[in-house]
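To start, the structure itself, in structure tokens.
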Amino acid sequence: MIPYGKHSIDQADIDAVVDVLENHFLTQGSKIPAFEKAIADTVKARFCTVVNSGTSALHVACLAAGVAAGDMVWTSPNSFVASANCALYCGASIDFIDIDPSTRNISVEALQVKLNTAKHQNALPKAIVVVHFAGVSCDMQSIRALTEPFGITLIEDAAHALGGQYLGEPVANCQYSDMAILSFHPVKAITSAEGGAITTNNPELAHQLQLFSKHGITRSALYTPQEHANEGWYYEQQVLGYNYRLSDLHAALGMSQLAKLPEFIEARSAQAAFYQQQLADLPVVLPTVPDYAESAWHLYVIELQKHSRKAVYNALKQRNIGVNVHYIPIHIHPHYQQLGFRPGQFPHAEHYYDVALTLPLFPSMSKQEQRYVITSLREVLI
Ligand SMILES: *Cc1c(COP(=O)(O)O)cnc(C)c1O
């Protein structure tokens, strides 16, 4: 089976992990701040906090934003459930903004309309989690211009977009947001097995992110009373936080992987370009990338125009091609329907879901494998 996504591990990655096992602390050692600095430098953000998953990153980002019971958070229905669950973890309510069918990201027009309505109903969200679907950045400048007057915290779910660009700058630099989250799950641009990070340029948010991901505990003289300055043992728990720490083993793997990010993105881009060229004459909608973005090509999603998605999916699976579907709209899941959401509420996301098919794309996929995917898709669409 050719999978839809896969990690690439080399000897340098293995050596980096073994080095930690043999020579360093397994957790809370020097690999953590080193990885945090390397991520911040890569995406050109001031601060970075690493955590044990992208999901934890979303949770602490919401906590740092002050999201709590009684608050509202908005996100895209076309995402992994974690983009919405983070609001529920905080006791807040969630709502969705329909997508723009061309970018598959939240529609800026729909956001504008929803903000106007919410303003009149006094129901503005505390935070908005925008999702850079498949590796294409949202139009952050336009979104920021709409949310800034209301003081809404803007969180980028950049789990798909590490290595991508917006207006010529790295995604997750937080130029037009308060925080950005990353995931290092094995199908993502780089992996630490499990892992995630939050970037920000705001020192107070950076402090909150560290606090909430480490039990709510601080030992920093900056944040504890002066009277304890000479008590080396002293720490205090100031808020209810979590143990979302990444281990040094994971950080060493992530750090070794990060060095290869440019070559991973280059390989993904070349594969995407080959699909674009080879599939152009088929009755499918190919992904488009707006002028303001350079995609990180986390996913390559086509939309079927004439054929049943189920039939094409099954025919390709039968040919050992690990096609997939991203995403079942979040509001359709039973848990979200129990909260009152219904099919029909976000028609663009729902229509897109009905016809979407993710083709395999990952740096170590060979040209031969990709040709086989293309030939098979042609056969199936005849
Ligand atoms: C992968 C992913 C996450 C969650 O990341 P984990 O590291 O798997 O917890 C969140 N949002 C999106 C859009 C993702 O693709």
Side-chain angles (χ1 to χ4, degrees), residues 3-7 35 39 48-63 73-90 94 96-97 99 103-106 127-138 140 154-164 171-172 177 179-199 209 212-213 242-247 250-251 253-254 257-258 264 268 287 293 295-301 324-331 333 336 349 352-353 356 358 361-362:
Y4 84 90
K6 192 181 168 206
H7 58 269
F35 188 32
I39 295 164
C48 174
T49 296
V50 293
V51 289
N52 57 8
S53 73
T55 302
S56 303
L58 283 161
H59 187 190
V60 292
C62 284
L63 291 168
V73 174
W74 295 351
T75 191
S76 171
N78 182 32
S79 188
F80 185 54
V81 290
S83 306
N85 287 345
C86 54
L88 306 184
Y89 295 156
C90 299
I94 189 82
F96 301 93
I97 308 150
I99 62 167
T103 62
R104 302 149 176 186
N105 285 332
I106 60 159
I128 298 181
V129 178
V130 298
V131 182
H132 304 319
F133 179 76
V136 174
S137 176
C138 295
M140 294 307 298
L154 201 48
I155 300 168
E156 298 175 73
D157 182 339
H160 294 186
L162 175 62
V171 168
S177 70
M179 291 172 272
I181 78 93
L182 301 168
S183 164
F184 310 127
H185 179 279
V187 294
K188 306 291 163 73
I190 66 161
T191 190
S192 62
E194 294 281 1
I198 315 96
T199 56
L209 292 165
F212 279 113
S213 57
Y242 297 82
N243 179 359
Y244 282 165
R245 285 192 304 257
L246 192 68
S247 84
H250 296 86
L253 176 55
Q257 286 262 305
L258 191 59
F264 287 160
R268 287 177 177 278
S295 182
W297 292 110
H298 168 56
L299 299 173
Y300 189 86
V301 183
N324 209 327
V325 175
H326 298 91
Y327 285 98
I328 299 167
I330 298 175
H331 67 285
H333 285 282
Y336 283 85
Y352 159 81
Y353 162 62
T358 305
L361 190 150
F362 53 93

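In each ligand, atom 1 is the first atom listed, and ligand 1 is the first ligand listed. Here the structure is a predicted model, which means the values were calculated and not measured.
Under the rule for a side-chain hydrogen bond (donor to acceptor under 3.5 Å, both in side chains), the partners of D157 that lie at least two apart in sequence or sit in another chain are S83. With sequence neighbours excluded, no residue forms a ring-ring contact (aromatic ring centres under 6.0 Å, His included) with H250. Looking at residues two or more places apart in sequence or on another chain, you find a side chain to side chain contact (heavy atoms under 4.5 Å, CB included) between H132 and V130, S137, C138, M140, E156, A158, A161, V171.
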Identify all N/O pairs between ligand 1 and the protein with a separation under 3.5 Å and present them as a table of atom names and distances.
unit_1   : atom_1 : unit_2 : atom_2 : d
ligand 1 : 5 (O)  : S183   : OG     : 3.3
ligand 1 : 7 (O)  : G54    : N      : 2.8
ligand 1 : 7 (O)  : S183   : OG     : 2.7
ligand 1 : 9 (O)  : G54    : N      : 3.3
ligand 1 : 9 (O)  : T55    : N      : 2.9
ligand 1 : 9 (O)  : T55    : OG1    : 2.6
ligand 1 : 11 (N) : D157   : OD1    : 3.4
ligand 1 : 11 (N) : D157   : OD2    : 2.7
ligand 1 : 15 (O) : H160   : NE2    : 2.8
ligand 1 : 15 (O) : K188   : NZ     : 3.0
ligand 1 : 15 (O) : Y327   : OH     : 3.4

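Of the residues listed (V51, I39, L182), the one engaging I198 in a side-chain contact (heavy atoms from CB on, under 4.5 Å) is V51, and it is the only one.
Ring pair H331/F96 is tilted by interplanar angle, where 30° to 60° counts as tilted. Ring geometry for Y327 versus H160: interplanar angle under 30°, hence parallel rather than tilted (30 to 60°).
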